[in-house]
Novice: 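Have a look at the structure that comes next, please.
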Amino acid sequence: MKLIFLGPPGAGKGTQAAGVSAHLGVPHISTGDMFRSAIKNQTPTGIEAKKYLDAGELVPDSVTIAMVKERLSMDDAKNGYLLDGFPRTVDQAIALDAIDAPDAVVDIDVPDERLLSRLTGRRVCGKCQGTFHISKLADEHTCPVCGGEVYQRADDKPETIATRLKAYHDQTEPLIGYYSGLGKLRRVDVASLASVDGDSRPEDVFKAILASLE
Ligand code: AMP
């Protein structure tokens, strides 16, 4: 199956993509992770992308599309993929349709007011790449899964979050209409799944995603 996860930053795309890709047996391809790894390794793509990630802006389509095209040509993507964070513009979606069109697009819909606290409280493990909310960590520096050191992403600071949310609304949200017009959109309304503490539980979102694909 060829699948896209659409949704604002902080919707939980990365967390859900890890579980759903394992369930479906397709590779989880996160363009954000690919850019962060390219920056760490100081590749030409990383050097070009760094200023955009630091500012919370989108990396130009030409750079992003070339990177994804190369990744989708690898053997493990022959029988499907789960793209997380791509496409983020209509031009990227049109390019993907020409490279290897998706079967379905899951829109993980979370209201803006929930995103700010999710993003400012987000911590990532430097070792296993797991993502956690700070309120759920017994020790705010240690990964509860592998014991690695957790850190806050540089673009999860409030000033950058505002730019990222604006980029989402201006450039990525139009994809909802694009894929809906193609009959490929599945919507998962996370607010309707909220449990007693006011936020949704990851396992409930996981079930709703699988149900949306049936
Ligand atoms: P993410 O981890 O998906 O939140 O992405 C982090 C950052 O990587 C974004 O704020 C952008 O700067 C960049 N990025 C990731 N995916 C894309 C994309 N499809 N198009 C342009 N920039 C992207």
Side-chain angles (χ1 to χ4, degrees), residues 1-37 49 52-53 58-111 115 118-119 129 131 164-165 167-191 193 200 202 204-214:
M1 176 166 234
K2 292 178 277 184
L3 200 57
I4 290 172
F5 275 5
L6 201 65
K13 297 189 297 296
T15 303
Q16 293 300 332
V20 174
S21 65
H23 183 82
L24 297 176
V26 295
H28 169 200
I29 301 176
S30 154
T31 42
D33 284 350
M34 290 172 80
F35 282 131
R36 281 183 288 276
S37 159
Y52 298 101
L53 272 88
L58 295 188
V59 178
D61 283 346
S62 55
V63 178
T64 310
I65 291 166
M67 181 176 79
V68 171
K69 189 171 181 185
E70 191 189 337
R71 179 65 187 84
L72 290 180
S73 73
M74 291 180 183
D75 275 353
D76 67 339
K78 289 279 179 285
N79 294 320
Y81 57 71
L82 198 172
L83 279 167
D84 155 18
F86 183 94
R88 259 172 154 105
T89 65
V90 171
D91 282 349
Q92 291 180 11
I94 293 169
L96 180 63
D97 280 344
I99 299 168
D100 197 4
D103 301 312
V105 178
V106 180
D107 174 34
I108 306 179
D109 189 15
V110 180
L115 298 172
R118 282 179 171 218
L119 288 166
Q129 311 306 324
T131 305
R164 291 166 65 207
L165 286 177
Y168 172 75
H169 289 302
D170 292 351
Q171 292 168 271
T172 308
E173 225 165 28
L175 292 177
I176 293 173
Y178 178 86
Y179 286 120
S180 166
L182 292 173
K184 294 184 176 180
L185 196 77
R186 313 276 185 273
R187 185 164 171 268
V188 171
D189 178 9
V190 171
L193 300 171
S200 54
D204 292 336
V205 180
F206 179 77
K207 280 189 208 140
I209 290 172
L210 293 188
S212 82
L213 293 172
E214 271 167 15

Novice: Is Lys2 paired with Asp100 through a side-chain N to carboxylate O contact shorter than 4.0 Å?
Specialist: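 Salt bridge present between Asp100 and Lys2.
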Novice: Please report the shortest heavy-atom distance between Val59 and Ala49, naming the atom on each side.
Specialist: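 Where Val59 meets Ala49 most closely, the heavy atoms are CG2-CB, 4.0 Å.
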Novice: Find the distance between CD1 (Ile209) and CD (Gln16) and round it off to the nearest 0.5 Å.
Specialist: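 So the gap between those two atoms works out to 4.0 Å.
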Novice: May I ask you to decide if Ala11's main-chain N or O and Arg118's side chain share a donor-acceptor pair within less than 3.5 Å?
Specialist: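 Yes.
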Novice: Any side-chain to backbone donor/acceptor pair from Thr64 onto Pro60? Under 3.5 Å, distance only.
Specialist: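 Flag set: sc Thr64 to bb Pro60 pair under 3.5 Å.
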Novice: Does Pro102 reach the side chain of Leu96, with side-chain heavy atoms less than 4.5 Å apart?
Specialist: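 Contact flag for Pro102/Leu96 side chains = yes.
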Novice: Go through Thr89 and Leu58 one step at a time and tell me if the side-chain contact (heavy atoms from CB on, under 4.5 Å) criterion holds.
Specialist: CA-CA 9 Å; Thr89 65; Leu58 295 188; 3.8 Å; yes
Novice: Find the distance between NE2 (His169) and CD (Glu173) and round it off to the nearest 0.5 Å.
Specialist: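 The CD atom of Glu173 is 5.5 Å from NE2 of His169, to the nearest 0.5 Å.
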Novice: So how far is it from Leu193 CG to Phe206 CZ, rounded to the nearest 0.5 Å?
Specialist: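 Rounded to the nearest 0.5 Å, the CG-CZ separation comes out at 14.0 Å.
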Novice: Is there a side-chain contact between Phe86 and Ser30 (heavy atoms, below 4.5 Å)?
Specialist: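 No, side chains not in contact.
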Novice: Identify the heavy atoms of Arg71 and Pro27 that sit nearest to each other, and give their distance.
Specialist: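 That would be NH2-CB, 3.9 Å.
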Novice: If you take all heavy atoms of Leu175 and Ala93, which pair is closest and at what distance?
Specialist: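 Closest heavy-atom pair between Leu175 and Ala93: CD2-CB, 3.6 Å.
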Novice: Could you tell me if the side chain of Ser212 sits less than 4.5 Å from the side chain of Arg187, heavy atoms only?
Specialist: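 Answer no - side chains too far apart.
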Novice: Does NZ belonging to Lys78 count more than 12 external heavy atoms closer than 6.0 Å?
Specialist: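 Yes.
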Novice: Tell me the closest heavy-atom pair linking Met1 and Val26, and the distance in Å.
Specialist: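 Met1 and Val26 have their closest heavy atoms at O-CG1, 3.6 Å.
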Novice: If you round to the nearest 0.5 Å, how far is CD1 of Ile29 from CG of Asp84?
Specialist: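 The distance works out to 10.0 Å.
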Novice: Before accepting this row, confirm whether a basic side-chain N of the pair Asp107/Arg186 lies closer than 4.0 Å to the acidic partner's carboxylate O.
Specialist: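 Result for this pair is no, no salt bridge flagged.
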Novice: What are the two closest non-hydrogen atoms of Pro9 and Leu115, and how far apart are they?
Specialist: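 Reported closest heavy-atom pair: O-CD2, 3.4 Å.
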Novice: Before giving the answer on side-chain contact (heavy atoms from CB on, under 4.5 Å), spell out for Asp97 and Tyr178 the whole-Å C-alpha distance, their side-chain angles and the decisive distance to 0.1 Å.
Specialist: CA-CA 12 Å; Asp97 280 344; Tyr178 178 86; 2.5 Å; yes
Novice: How many angstroms lie between atom CG of Leu3 and atom NE2 of His28, to the nearest 0.5 angstrom?
Specialist: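 Those atoms lie 11.0 Å apart.
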Novice: Give me the atom names and distance for the closest heavy-atom approach of Pro87 to Ile4.
Specialist: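 Minimum heavy-atom separation between Pro87 and Ile4: CD-CD1, 3.5 Å.
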Novice: Take atom CG of Asp76 as the centre, draw a 6.0 Å sphere, and report whether it contains more than 12 heavy atoms from other residues, nucleotides or ligands.
Specialist: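 Above 12, so yes.
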Novice: When you compare the side chain of Met67 with that of Met34, does any pair of heavy atoms fall below 4.5 Å?
Specialist: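 Of all side-chain heavy-atom pairs linking Met67 with Met34, at least one is under 4.5 Å.
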Novice: Side chains of Leu185 and Ile176, heavy atoms from C-beta outward: is any pair under 4.5 Å?
Specialist: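 Side chain of Leu185 against side chain of Ile176, heavy atoms only: contact under 4.5 Å found.
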Novice: Is the side chain of Lys184 donor-acceptor paired with the backbone N or O of Val106 at a distance under 3.5 Å, no angle test?
Specialist: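 No: the side chain of Lys184 does not pair with the backbone of Val106.
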Novice: When rounded to the nearest 0.5 angstrom, what distance separates CZ in Arg36 from OG1 in Thr31?
Specialist: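 Answer for the CZ-OG1 pair, Arg36 versus Thr31, is 8.5 Å.
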Novice: My understanding is that only one of Ile108, Leu83, Val105 makes a side chain to side chain contact (heavy atoms under 4.5 Å, CB included) with Leu6; could you say which?
Specialist: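 Only one of Ile108, Leu83, Val105 forms a side chain to side chain contact (heavy atoms under 4.5 Å, CB included) with Leu6, namely Val105.
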Novice: Does a sphere of radius 6.0 Å around CD in Glu70 hold more than 12 heavy atoms from other residues, nucleotides or ligands, not counting ones at 6.0 Å or beyond?
Specialist: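 Incorrect, the count does not exceed 12.
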